[in-house]
Amino acid sequence: MIPVVFITDENFIMQTIVAMTSLYYSKKKETEYDVYVVTADCTEMAKSKFRILEKKDMRMNIIEASLEEYRDIRQLAHIPIACLLKFNICDLIPSYEKLIYLDGDICVRNDLSDLYNMNLGECYAGGAPSLEMLSSNKRMINAGIMLFNADKMRTEHMAERLVAERKKLGDRGSMDQQTFNMVLGDQILFLPPKFNCIADKFLGDERRVYKLDKVNKLYGTEYASFKELVDDAVIIHFASGMKPWKFSFIPCADEWYCTYKASVYGDVELKRQNLLQARVTGMLNQLKKNGVKGFIKRLGEHIGYWAGKGKVKNWG
């Protein structure tokens, strides 16, 4: 069986279940998944929803974990504090030599056997290169999808080291990713981008920021277009603040929504904003936040962006 781990709190149950639904429907017939859900501050009713997903070829395991050692770290940006439990999963699940970890804001398109069978060698983990490397000399991964060398992580007590380093960093926008990059360093294997494709970066508003030749150089790929890169993806990762359960117009949102409709939540209507609604809401928020002068300044920045002269991405 292939072990796959998710982490969720009470506020991310639906998204995690949709991700698991995509995991199941995209697998090969012969593949069997052993799914672990590490829950934090979740009710029994919420956890019972995961048990509905259990099938003979996808076993479900629920692990209750405590956030007490992380309570003094505040949640910043859109990243929940529960993400910090990623430091502990190799210890929480001691029966496998390797573990796949998946964020809940994803859509799995294909079987994950190839990912699980990647040879990690002496590396602690594998992850796709972070796009931040395009403007930095630092070696970094996006930690939303990771393949852990769980034996090595346990043997060298990496959980303790990760927790200690994260506490030293204090409050900041990155809950776990910065810590993984700092502590594991160059002992992280770069995985192909198809296992962690942030489609919004390549087909959304930010497409103006990235150059295909530089992205190919970073990834070691030869994609002829960003569309080809996204079409090749095994896992779509909605890593920005633009989420498919909130907005209908972002890249691959319809794909996620189809999986949502096939999930146990399929009968629950989602109120998602279209592009016009999102723009108007963003403008009103800016007006409320910055006043008339600030709003006019922001409007000028956006006009410059849409004219191809700026890098402002959204009104949020």
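Predicted, not measured: the structure shown is a model, and the values here were computed from it.
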In plain terms, say whether [X] and [Y] are close enough for a salt bridge, that is, a side-chain N and a carboxylate O under 4.0 Å apart.
X	Y	result
R109	E255	yes
D231	K227	yes
D176	K86	yes

Show me the donor-acceptor pairs within less than 3.5 Å that the side chains of residues 127-135 make with the rest of the protein, sequence neighbours left out.
from: S130; atom 1: OG; to: E132; atom 2: N; distance (Å): 3.1
from: S135; atom 1: OG; to: E132; atom 2: O; distance (Å): 3.4

Are the ring centres of W245 and F12 closer than 6.0 Å? yes
Sorted by first residue and then second, give each ring-ring contact (aromatic ring centres under 6.0 Å, His included) pair with at least one member in residues 22-64; sequence neighbours left out. none
Assess R272 against F249: is NZ or CZ under 6.0 Å from the centre of the six-membered ring, and within 45 degrees of the ring's axis? no
Derivation of the side-chain hydrogen bond (donor to acceptor under 3.5 Å, both in side chains) call for T31 and D111: CA-CA 8 Å; T31 297; D111 191 274; 2.6 Å; yes
List the atom of [X], the atom of [Y], and the distance in Å for their closest heavy-atom pair.
X	Y	value
S26	S22	OG-O, 2.7 Å
M118	P192	CE-CD, 3.8 Å
L85	A40	CD1-CB, 3.8 Å
E222	N216	N-OD1, 3.6 Å

Flag, side chain of [X] to backbone of [Y], donor-acceptor distance under 3.5 Å:
X	Y	value
D232	E228	no
Y219	K214	no
N181	I141	yes
K152	A125	no
Q273	F247	no
T21	I17	yes
K49	M14	no

Could I get the full list of side chain to side chain donor-acceptor pair (under 3.5 Å) partners for [X], not counting sequence neighbours?
X	value
N88	Y70
Q277	none
R161	none

List for me each residue that meets salt bridge (charged side-chain N to carboxylate O under 4.0 Å, His left out) alongside D151, sequence neighbours excluded, and say none if there are none. R154
When you look at NZ of K47, are more than 12 heavy atoms from neighbouring residues, nucleotides or ligands closer to it than 6.0 Å? yes
Around atom CD of E54, are there more than 12 heavy atoms of other residues, nucleotides or ligands at under 6.0 Å? yes
Any chain of hydrophobic side-chain contacts (each under 4.5 Å) joining F180 to I198? no
Can you tell me how far apart CG (L203) and CG (L229) are? Round to the nearest 0.5 Å. 8.5 Å
